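Lettering of chains follows the sequences in order, A, B, ..., and the numbering in each one begins at 1. No experiment lies behind these values; they were computed from the predicted model shown.
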2 protein chains.
Amino acid sequence: MVTIKQVAELAGVSFKTVSRVVNKEPGVKPANIVKVEKAIQQLGYRPNKAASLVRKKQSDIIGFISDEISTTPASVAILKGAQDMAWEKGKTLMVFNLDPNNPDKDKLYEECLQHRAEGIIYGAMYHQAVSFSKLFKTLPTVLVNCISTDNDFPAIVPDDEQAGYYITKQLLYKGYRKIAFLNLNPQIIAAKQRQQGYIKALNEYGIAEQNRHISAIETVINGETINIASKVAKQVISEFKPDAVLCGKDLAAIKVYFVIERLGLTVGKDIGVASFDNWHDIPEILEPGLSTMALPYYEMGRLAVSRLLSEIKKPGDISEYKMPCLLCDRASF
Amino acid sequence: MVTIKQVAELAGVSFKTVSRVVNKEPGVKPANIVKVEKAIQQLGYRPNKAASLVRKKQSDIIGFISDEISTTPASVAILKGAQDMAWEKGKTLMVFNLDPNNPDKDKLYEECLQHRAEGIIYGAMYHQAVSFSKLFKTLPTVLVNCISTDNDFPAIVPDDEQAGYYITKQLLYKGYRKIAFLNLNPQIIAAKQRQQGYIKALNEYGIAEQNRHISAIETVINGETINIASKVAKQVISEFKPDAVLCGKDLAAIKVYFVIERLGLTVGKDIGVASFDNWHDIPEILEPGLSTMALPYYEMGRLAVSRLLSEIKKPGDISEYKMPCLLCDRASF
DNA sequence: GAAATTTTGGACAACGTTGTTATATTGTCT
DNA sequence: AGACAATATAACAACGTTGTCCAAAATTTC
């Protein structure tokens with residue numbers, strides 16, 4: 001690769017002058033700037049970031065550690081948001097995925113340290129509590145879509161309670177009075193919080209106990225999550241006879257659509273359907289389009305980076321930021 | 001950050017000795033190895049990769065440039081495969097996504113050059129032809145899920161013709177004789193090649209012209225792709241009356257399922273359905289499970305890295321590698 | 001016990017940058 | 001024209017590491 005000295009030689013100046021031109025420092029006369037720029041062009045010179053890091057002790061690198069990025073599109077949006085914001089701030093993201101068979105967070109953290117990352121973003125594929133070794137205290141660190149079991153890191157999570165509350169309120173507002181909630185595995189944070197929001201909204205409208213229903217569409221057997229949405233939906237719809245169904249995720253809503261159709265009913269007319277995720281193309285593919293609470297992953301990713309950067313400047317804020325969710329209103333209720 | 005010299009001081013040896021221990025070079029007596037390792041532990045020393053790169057002129061970094069990673073889960077699997085293989089080979093992936101509003105490949109390439117990446121992988125979100133500036137000739141480069149318009153780069157793409165051929169053959173083998181192909185936008189490479197495979201299989205079975213049908217489920221208006229799968233499916237199924245439908249993608253198959261159900265028919269019994277993608281959880285969520293040709297994205301990502309590494313060692317192989325696709329057999333035909 | 005050989009350690013240069021400081025060049029004002 | 005400031009350039013050290021080479025120490029051989 002061509003170095004700064006070769007450029008200097010071709011341009012007929014000292015290599016320090018070239019450095020000044022490259023870094024847009026003042027104090028180089030215009031004629032020399034032109035000469036240097038021509039030489040850079042001609043030789044195809046690019047500054048060596050590693051060398052610059054060694055000297056400046058500033059890497060402009062942010063480490064992004066993710067658990068299982070490929071399993072769900074969620075983390076992809078987080079990553080994209082983080083990458084965009086990083087780019088805007090002149091930083092580069094170095095992305096590492098945990099190996100699901102051998103999830104060693106510390107090993108990836110070490111890698112980031114060796115690259116002299118200035119901070120770390122840890123992203124999870126679903127809203128959960130994660131425990132971290134004390135190694136994670138080495139650099140400023142921000143969690144996205146998860147919280148620390150010890151609550152000792154700044155975190156950015158979706159406001160699942162608000163989401164549950166808001167969409168239930170919307171259903172009630174539109175006149176539905178018997179809303180069944182087919183929730184995710186009740187162990188996970190998102191499920192618990194959404195349920196609270198659901199209940200809060202029902203309480204505000206004074207919905208009677210016999211017009212409420214919550215059941216889980218997932219059960220955990222031997223650590224594996226089993227999806228039983230179809231069976232549960234069939235049963236709940238025919239027995240509880242709701243006028244609307246609130247699903248824990250869009251992928252389950254697909255099943256609910258099928259169940260409703262097979263019962264000879266029409267979604268959005270005979271029975272309302274609502275959901276959480278806004279999972280890629282799914283809500284738009286369904287007919288009628290699925291109204292669903294969008295989880296603001298992209299924005300969370302962006303916020304993670306900007307928050308990390310302020311954490312680097314001025315550490316100490318370990319609060320949990322709850323990102324509000326937005327309703328994507330279509331025609332299913 | 002703690003440096004090699006601080007470690008040396010604490011261990012009571014010269015800093016070169018520490019370097020030898022860190023790099024597992026021979027010629028350090030066991031007692032000193034222990035002393036050095038203890039000092040490293042105690043101070044939390046990590047070698048500075050940037051400094052090492054400056055000296056060794058080897059970055060162990062591979063640049064990964066992707067167009068629009070977030071739009072489709074496809075590229076995520078490619079990325080994951082690439083990352084896994086890179087990790088196995090002791091390399092680090094530096095990931096960059098094109099900004100869809102301002103897709104400047106060269107700018108990202110420059111970034112990789114500045115980090116002294118040893119090679120570049122360019123991944124596309126769907127099988128297509130892409131044109132590259134001559135800047136891309138700077139480093140060894142491998143394309144994934146796309147080819148160069150000038151055919152001047154090694155590329156790894158799915159074997160869409162084989163996929164179309166294989167799944168059609170399977171349908172025929174199971175007794176279907178009137179297979180409608182609801183293909184993607186016929187402009188794109190995948191659609192063209194799958195169609196060739198479809199036709200080749202039908203020819204082998206001597207299927208008559210009136211028992212063949214191809215139509216597009218996508219149309220392009222002003223550069224925007226419009227999905228018209230539902231309308232087309234309804235029309236084709238009621239008029240052409242196929243005994244099986246081959247869909248261009250799983251997301252369209254969902255629509256086809258609904259159309260079939262609404263006509264009072266049952267998928268897998270009255271009419272077979274097959275598709276392409278094996279798009280995340282979709283095929284399993286459908287009932288019956290959707291039999292679909294899996295696009296081997298993860299494997300393509302892995303191969304991209306290993307091929308790039310051999311390209312770095314011995315350049316010159318610009319052939320196009322067609323990755324065979326596998327049928328994920330479920331119950332829809 | 002001395003010489004020859006092997007093992008181990010350390011001094012120094014180098015990698016491609018940037019920061020600091022001294023020097024050379026230019027311009028301005030008396 | 002000369003003094004002085006301002007500006008532009010150059011020389012050199014430093015960043016944290018690895019490669020080279022030679023010296024010192026330890027070990028083996030005679």
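The interatomic distance linking A/Phe15 (CZ) with D/dT9 (P) rounds to 15 Å, in whole Å. Atom CD1 of A/Ile33 and atom C1' of D/dT9 are 13 Å apart (whole Å). The distance from atom CG of B/Leu113 to atom P of C/dG16 is 16 Å, rounded to the nearest whole Å. Atoms NZ (A/Lys24) and C1' (C/dG19) sit 19 Å apart, rounded to a whole Å. Atom P of nucleotide C/dC15 and atom CG of A/Leu53 are separated by 19 Å, given to the nearest angstrom. A straight line from NZ of B/Lys57 to P of C/dA13 spans 19 Å, rounded to a whole angstrom. Going from atom CZ of A/Arg116 over to atom P of C/dT17 covers 20 Å, rounded to whole Å. D/dC21 atom C1' lies 14 Å from atom CD of B/Glu25, rounded to whole Å.
Interface remark: the B/Arg20 side chain does not form any donor-acceptor pair with the D/dG19 base, using a distance-only criterion of under 3.5 Å.
For C/dT17, the OP1/OP2 oxygens have no side-chain nitrogen or oxygen of A/Ser52 closer than 4.0 Å. Residue A/Lys16 places no side-chain N or O under 4.0 Å from the OP1 or OP2 atom of C/dT21. OP1 and OP2 of D/dA11 both lie 4.0 Å or more from every side-chain N or O belonging to A/Ser14. Distances shown here put a side-chain N or O of A/Asn23 below 4.0 Å from the OP1 or OP2 atom of C/dT18. Between A/Ser19 and C/dT18 there is a side-chain N or O to OP1 or OP2 distance below 4.0 Å.
The side chain of B/Pro30 approaches C/dT8 more closely than any other nucleotide in the set D/dA10, C/dT8, C/dT17. The side chain of A/Thr3 approaches C/dT17 more closely than any other nucleotide in the set C/dT17, D/dG19, D/dA10. Distances from the side chain of B/Arg55 to the nucleotides D/dG16, C/dT8, C/dG16 place D/dG16 closest. Nearest to the side chain of B/Ile4, among D/dA8, D/dT18, C/dT18, sits D/dT18. Closest to the side chain of B/Asn48, from the set C/dT17, D/dT17, D/dT18, is D/dT17.
The side-chain tip of A/Lys137 points at the ring of A/Phe153 from less than 6.0 angstrom away and within 45° of straight on. Annotation: cation-pi pair B/Lys80/B/Tyr298 absent, no NZ/CZ under 6.0 Å from the ring centroid and within 45° of its normal.
Under the 4.0 Å criterion applied to side-chain N and carboxylate O atoms, A/Asp67 and A/Lys105 are not assigned as salt-bridge partners. Under 4.0 Å is where a charged nitrogen must lie from a carboxylate oxygen, and between A/Asp99 and A/Lys107 no such pair does.
Distance alone, capped at 3.5 Å, places no donor-acceptor pair between the A/Ser66 side chain and the A/Asn97 backbone.
Here the two rings, on A/Tyr109 and A/Phe136, have centers that are under 6.0 Å apart.
Heavy atoms of A/Val13 sit under 4.0 angstrom from primed sugar atoms or phosphate atoms, though from no base atom. Among the atoms of the strands shown, none is found under 4.0 Å from any heavy atom of B/Pro26.
Each of A/Lys5 and B/Lys29 has a nearest nucleotide on DNA chain C; the 5'-most of these lies closest to B/Lys29.
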